[in-house]
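Step one of this worksheet: look at the structure below.
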2 protein chains.
Amino acid sequence: MVAPSEHSIDTKNRILDAAERLFADKGFDATSLRMITTAAEVNLAAVNYHFQSKETLLQAVYARRSAPVNAKRLELLTQFESSGEPLEVEQILDALIRPLFEIGESRECVPRLMVRLLYLDAHEASRNVFQQQFHQVLIRFQGALRKSLPHLSEKEITARMQFSIGSLAHTMAASRNLQAMPAGGQMKEALPWVLRQLIHYIAAGLRAPALEESACTF
Amino acid sequence: MVAPSEHSIDTKNRILDAAERLFADKGFDATSLRMITTAAEVNLAAVNYHFQSKETLLQAVYARRSAPVNAKRLELLTQFESSGEPLEVEQILDALIRPLFEIGESRECVPRLMVRLLYLDAHEASRNVFQQQFHQVLIRFQGALRKSLPHLSEKEITARMQFSIGSLAHTMAASRNLQAMPAGGQMKEALPWVLRQLIHYIAAGLRAPALEESACTF
DNA sequence: GTCTATAGTACGATAGAC
DNA sequence: GTCTATCGTACTATAGAC
């Protein structure tokens with residue numbers, strides 16, 4: 001438990017930054033430790049010293065970003081709920097999505113990394129860590145949505161949340177395409193525009209009438 | 001241009017089948033030619049004989065599935081349009097989505113493979129082949145949607161189509177989770193249920209009122 | 001057309017000097 | 001804590017016998 005030297009912290013963060021970008025861009029398997037250490041301008045052996053293996057490096061890369069985003073989501077939702085009334089669907093979605101957009105503004109690769117981990121880089125350990133944390137967040141948000149969408153069965157809420165996650169994930173993964181979306185707009189304006197459009201779109205899908213004749217079964 | 005022997009065709013298809021499943025499950029980079037030839041029970045050298053390289057094998061794997069799905073999409077859309085009237089949004093979505101669900105029923109890994117190629121296995125050549133073909137399909141469908149959604153600007157239609165592709169892609173990529181969605185339902189019933197729910201959800205999102213005060217600018 | 005054998009390369013991880 | 005050097009392994013691709 002000795003405090004690491006400043007240089008060590010710097011090396012560690014340089015590795016994390018480089019790995020984050022490369023894992024997001026190319027994926028875990030297509031990224032070698034040599035590519036990471038070259039980009040980070042550190043020695044190859046530093047990775048195995050500071051992190052034990054490539055796999056645990058991936059976990060560290062994710063852990064650094066995941067906790068703040070998920071914490072911010074829950075914080076926003078709790079804050080919105082403090083009035084005691086059922087929330088507008090748009091508010092719930094804002095709490096879920098905005099933290100991801102905001103971290104993407106400073107480091108645009110982070111949302112893409114998270115999308116990869118969501119269902120693609122299927123390395124059991126890392127994916128489980130990621131998915132379990134995200135699953136907890138989703139359960140919390142599903143509770144909020146249930147109150148705002150009393151016309152839907154639990155089954156339908158679950159399905160529509162999955163559809164919504166898909167819209168969000170694809171939008172973040174393809175954010176390069178999206179930045180070109182608003183014709184003539186600068187990038188600074190592009191992301192808020194997409195965020196508003198996305199929330200508006202998802203809210204309409206969630207609010208759609210129930211498809212099933214059979215009522216809520218719980 | 002000599003017709004290959006039956007054995008050769010068999011070997012080629014065995015390789016394609018094994019590669020398709022492995023690329024879909026583990027991704028391109030995490031799949032070695034040895035894994036493919038072992039699963040296909042063919043010799044290692046057969047891959048480089050029938051296909052030139054691993055990269056062109058991926059293109060062959062995709063090409064085998066892509067053409068029929070995209071053709072079926074366009075065929076359904078043209079058929080629906082034959083009446084001359086603007087289509088219901090649900091019909092347009094059915095033409096876009098149903099062919100993917102149907103191929104997924106016989107080979108459940110195919111939709112997952114397509115999702116990977118959409119934005120994840122970022123090998124330039126293969127991805128470009130895939131995306132160019134899909135882009136042509138999307139342009140055709142965007143034309144149909146434009147007629148059915150006259151309240152939206154071109155910009156908003158483009159954005160909402162991207163959101164919809166995201167819902168579709170995530171639903172297909174996570175189809176394993178989705179099969180467990182309808183509680184108590186067998187798998188044979190699960191996919192039609194998900195298909196109906198998905199189309200209903202996306203249609204509502206597409207039909208949402210325009211967000212922008214500024215009118216259509218074309 | 002199918003095989004064995006192997007060339008040539010890149011990888012993850014570690015030992016050991018400093 | 002940081003480096004060089006390297007071990008052992010796995011990979012793609014191909015040459016050449018059958």
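As the structure is a prediction and not an experimental result, all values here were calculated from the model. Values reported hereafter were calculated over all heavy atoms of this structure, with side chains retained and with hydrogens, waters and symmetry mates removed. A, B, ... follow the sequence lines: proteins, then strands. Residue 1 opens every chain.
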- Task: Taking salt bridge (charged side-chain N to carboxylate O under 4.0 Å, His left out) as the test, write out the residues that go with R14(A), two or more places apart.
- Result: D10(A)
Measure from [atom1] on [X] to [atom2] on [N] and round the result to the nearest Å.
{"X": "I36(B)", "N": "dC11(D)", "atom1": "CD1", "atom2": "P", "result": "11 Å"}
{"X": "F51(B)", "N": "dG1(C)", "atom1": "CZ", "atom2": "C1'", "result": "14 Å"}
{"X": "N43(A)", "N": "dA5(D)", "atom1": "CG", "atom2": "P", "result": "11 Å"}
{"X": "H50(B)", "N": "dG1(C)", "atom1": "NE2", "atom2": "P", "result": "7 Å"}

- Item | Per-nucleotide protein contact string for nucleotides 7-14 of chain C, where B marks a base within reach and S marks sugar-phosphate only (heavy atoms under 4.0 Å, - for neither) | ----BBBB
- Message: Parallel, tilted or perpendicular: which one describes the rings of F130(B) and Y62(B), with boundaries at 30° and 60°?
- Response: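 It falls in the perpendicular class, over 60°.
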- Note on the structure: R21(B) meets the side-chain hydrogen bond (donor to acceptor under 3.5 Å, both in side chains) criterion, sequence neighbours left out, with none
Pairs under 3.5 angstrom only: tabulate donor-acceptor contacts from the side chains of residues 40-50 of chain A to other protein residues two or more places apart or in another chain.
residue	atom	partner	partner atom	Å
N43(A)	OD1	A45(A)	N	2.9

- Is the closest side-chain heavy-atom distance between F134(A) and L117(A) below 4.5 Å?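 No. Closest side-chain heavy atoms not under 4.5 Å.
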- Query: Are R65(A) and E20(A) within salt-bridge range, i.e. N to O under 4.0 Å?
  - Reply: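 Yes, R65(A) and E20(A) are salt-bridged.
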Strictly under 3.5 Å: I want the nitrogen or oxygen pairs between protein and nucleotides 16-18 of chain D, one per line.
none

- Using a cut-off of less than 4.0 Å, is there contact between a side-chain N or O of T11(A) and OP1 or OP2 of dG1(D)? no
- Task: Examine dT2(D): is either OP1 or OP2 under 4.0 Å from a nitrogen or oxygen in the side chain of S8(A)? Give yes or no.
- Result: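 For dT2(D), neither OP1 nor OP2 has a side-chain N or O of S8(A) closer than 4.0 Å.
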List the atom pairs, donor and acceptor, that lie under 3.5 Å between side-chain atoms in residues 198-205 of chain B and the rest of the protein, sequence neighbours left out.
residue	atom	partner	partner atom	Å
H200(B)	NE2	P209(A)	O	2.7
Y201(B)	OH	S164(A)	OG	2.7

- Item | Derivation of the side-chain contact (heavy atoms from CB on, under 4.5 Å) call for I36(B) and T31(B) | CA-CA 7 Å; I36(B) 293 170; T31(B) 302; 3.7 Å; yes
